[in-house]
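Reviewing the structure listed below.
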Amino acid sequence: SAQDALLITLNEMGNINWQRMAALTGRSVADLQDELAGKVYRTPAGEWQMADEYLSGNVRQKLIEAEAAANVDPAFALNVQALRAAQPVDLLPHEIVAPLGVGWVDREDMEEFSKHLFRRKVTMRYIPALGQWMLEADKYLKGATENTKVWGTPRITGFELLKQAMNAQSPTLYDKVDGPGGTEKRVLNQDATLAAREMQDKIKAEFKKWLFSDAERAGRLAKKYNELYNAEVPRTYDGAHLTLPGT
């Protein structure tokens with residue numbers, strides 16, 4: 001049978017070899033491919049793969065490639081149908097964890113969050129190579145009540161707390177005191193540091209509450225997250241291709 005020939009070639013050669021299968025069965029390659037449709041797939045790159053291999057891995061990217069190929073060659077419609085069925089279930093916004101400063105959240109959204117905090121937009125830029133955010137505030141933000149009191153402490157502004165949080169940093173505040181011989185040394189101010197970290201935690205909590213509070217933003221970011229990070233399906237091995245039936 002075509003299935004027997006497939007198992008033999010996999011055991012002999014480690015891959016799908018249609019000429020060997022045709023020789024074993026005395027049938028045409030086209031007939032064998034028709035019979036094994038759904039068990040093996042031709043990829044847009046021209047390779048042949050077993051279903052457990054083809055329908056695993058980054059199936060979202062594979063679906064994009066298959067849909068493009070199907071526009072040129074209708075034979076890939078079978079690939080499209082199978083890959084659509086293999087897509088992982090999309091995570092909903094409330095199921096997605098998005099820490100403040102995570103790189104996949106759009107810059108425009110982060111700037112809108114700064115406007116939500118301070119009533120003034122902070123200009124931002126994300127540098128993927130460094131994994132860091134660069135923030136720049138205008139001159140009017142410095143003395144704004146939202147910056148100094150609502151989201152800041154007497155020792156550190158909300159802008160600085162936001163910038164540190166977006167770069168996975170925690171505030172640590174020191175006092176300068178006189179040291180031996182008229183020198184100065186820095187001493188940790190525990191109370192000021194604790195107050196700053198508590199305020200930074202409030203900013204993080206506000207971001208978590210704010211990010212998915214708008215339906216349009218929630219849908220757009222959830223779609224982006226699923227495409228980037230919820231695209232993989234693990235390969236499941238059933239061992240059926242390792243041994244001929246009955247052996």
For Ile127, the rest of its hydrophobic cluster, which grows through side-chain links under 4.5 angstrom: Leu130, Met134

Closest heavy-atom pair and its distance - Pro93, Ala222: CG-CB, 4.0 Å

Student check: side-chain heavy atoms of Lys208 and Lys204 closer than 4.5 Å: no

If I take atom CG from residue Asp109 and atom CG from residue Leu221, how far apart are they, to the nearest 0.5 angstrom? 5.0 Å

Please give me the minimum heavy-atom distance between Asn230 and Asp90, naming the atom from each residue. ND2-CA, 3.9 Å

Any sub-3.5 Å donor-acceptor pair from Ser213's side-chain atoms to Trp210's backbone N or O? yes

Under a 4.5 Å side-chain heavy-atom rule over Ile, Leu, Val, Met, Phe, Trp and Tyr, are Val29 and Ile16 clustered together? yes

When you compare the side chains of Ser114 and Arg120, does any donor N or O come within less than 3.5 Å of an acceptor on the partner? no

What's in the same ILVMFWY side-chain cluster as Val187, cut-off under 4.5 Å, chained through other members? Val177

Does a sphere of radius 6.0 Å around CD in Gln61 hold more than 12 heavy atoms from other residues, nucleotides or ligands, not counting ones at 6.0 Å or beyond? yes

What's the separation between atom CD1 in Ile156 and atom NZ in Lys163, rounded to the nearest 0.5 Å? 9.0 Å

Heavy-atom count check: over 12 atoms from other residues, nucleotides or ligands less than 6.0 Å from Gln81 CD? no

For Leu55 and Lys62: C-alpha separation, side-chain torsions, deciding distance, then whether side chain to side chain contact (heavy atoms under 4.5 Å, CB included) applies. CA-CA 9 Å; Leu55 301 178; Lys62 289 181 179 180; over 6 Å; no

Treat each ILVMFWY residue as a node, draw an edge where side-chain heavy atoms are under 4.5 Å apart, and state whether Leu91 and Phe212 are in one component. yes

What is the distance from atom CG of Leu141 to atom CG of Asn147, rounded to the nearest 0.5 Å? 4.0 Å

Listed by chain and number, what are the side-chain hydrogen bond (donor to acceptor under 3.5 Å, both in side chains) partners of Glu232, not counting sequence neighbours? none

Any ring pair (Phe, Tyr, Trp, His ring centres under 6.0 Å) involving residues 129-173? Give me the pairs, sequence neighbours left out, ordered by first then second residue. Tyr126-Trp133

Closest heavy-atom contact between Arg60 and Asn226? NE-O, 3.0 Å

Under the salt bridge (Lys or Arg N to Asp or Glu O under 4.0 Å) rule, what pairs show up with a residue in residues 169-194, not counting sequence neighbours? Arg155-Asp175

What distance separates Met124 CE from Met110 CE, expressed to the nearest 0.5 Å? 5.0 Å

Verify side chain to side chain contact (heavy atoms under 4.5 Å, CB included) between Arg197 and Thr172, making sure each step is shown before the conclusion. CA-CA 8 Å; Arg197 292 183 178 180; Thr172 303; 2.8 Å; yes

Charged N to carboxylate O under 4.0 angstrom, Lys224 versus Glu227? no

Test item: Gln132 side-chain N/O and Asn167 main-chain N/O as donor-acceptor pair under 3.5 Å: no

Taking transitive links into account, so neighbours of neighbours count too, which hydrophobic residues share a cluster with Tyr174 at under 4.5 Å side-chain distance? Leu188

With Asp214, which residues qualify under side chain to side chain contact (heavy atoms under 4.5 Å, CB included), at least two apart? Glu216, Arg217

Between CD on residue Gln164 and CE on residue Met166, distance to nearest 0.5 Å: 12.5 Å

Take Trp48 and Glu53 through the test side chain to side chain contact (heavy atoms under 4.5 Å, CB included) and record every step on the way to the result. CA-CA 10 Å; Trp48 286 88; Glu53 179 181 3; over 6 Å; no

Hits for ring pair (Phe, Tyr, Trp, His ring centres under 6.0 Å) against Tyr54, two or more places apart or cross-chain, chain-then-number order -> Tyr41

Smallest separation among heavy atoms of Ala196 and Leu173, with atom names: CB-CD1, 4.0 Å

Which atom of Leu32 lies closest to which atom of Ala2, heavy atoms considered: CD2-CB, 3.7 Å

Residues two or more places apart in sequence or in another chain: which of them pass side-chain hydrogen bond (donor to acceptor under 3.5 Å, both in side chains) with Ser170? none

Do Met50 and Val59 share a hydrophobic cluster (ILVMFWY, side-chain heavy atoms under 4.5 Å, transitive)? no

Contact between Val233 and Gln87 at the side-chain level, heavy atoms closer than 4.5 Å - yes or no? no

Are the side chain of Glu160 and the backbone of Thr157 linked by a donor-acceptor contact shorter than 3.5 Å? no

Applying ring pair (Phe, Tyr, Trp, His ring centres under 6.0 Å) as the test, list every pair that has at least one member in residues 62-81; sequence neighbours left out. none

What's the verdict on side chain to side chain contact (heavy atoms under 4.5 Å, CB included) for Leu117 and Val150, showing C-alpha distance, side-chain angles and the deciding distance? CA-CA 9 Å; Leu117 291 181; Val150 178; over 6 Å; no

Separation between CD of Glu198 and CG of Leu161, rounded to the nearest 0.5 Å: 12.0 Å

Taking the side chain as C-beta and beyond, is there a heavy-atom pair between Leu135 and Thr123 under 4.5 Å? no

Taking the side chain from Arg235 and the backbone from Gly57, do they hold a donor-acceptor pair closer than 3.5 Å? no

Between Gly38 and Leu78, which heavy-atom pair has the shortest distance, and what is it? N-CD2, 4.0 Å

Applying a strict under-4.5 Å side-chain criterion to I, L, V, M, F, W and Y, I'd like to know whether Tyr229 and Ile64 cluster together. no

In one Ile/Leu/Val/Met/Phe/Trp/Tyr side-chain cluster, 4.5 Å: Val102, Leu228: yes

Restricting to pairs with a member in residues 164-174, which pass salt bridge (Lys or Arg N to Asp or Glu O under 4.0 Å), not counting sequence neighbours? none

Heavy-atom side-chain proximity of Val105 to Phe113 below 4.5 angstrom: no

Are Arg107 and Glu111 packed together at the side-chain level, in the sense that at least one heavy-atom pair is separated by less than 4.5 angstrom? yes

Can you list every salt bridge (Lys or Arg N to Asp or Glu O under 4.0 Å) pair that touches residues 19-47, not counting sequence neighbours? Glu12-Arg20, Arg27-Glu35, Arg42-Asp73

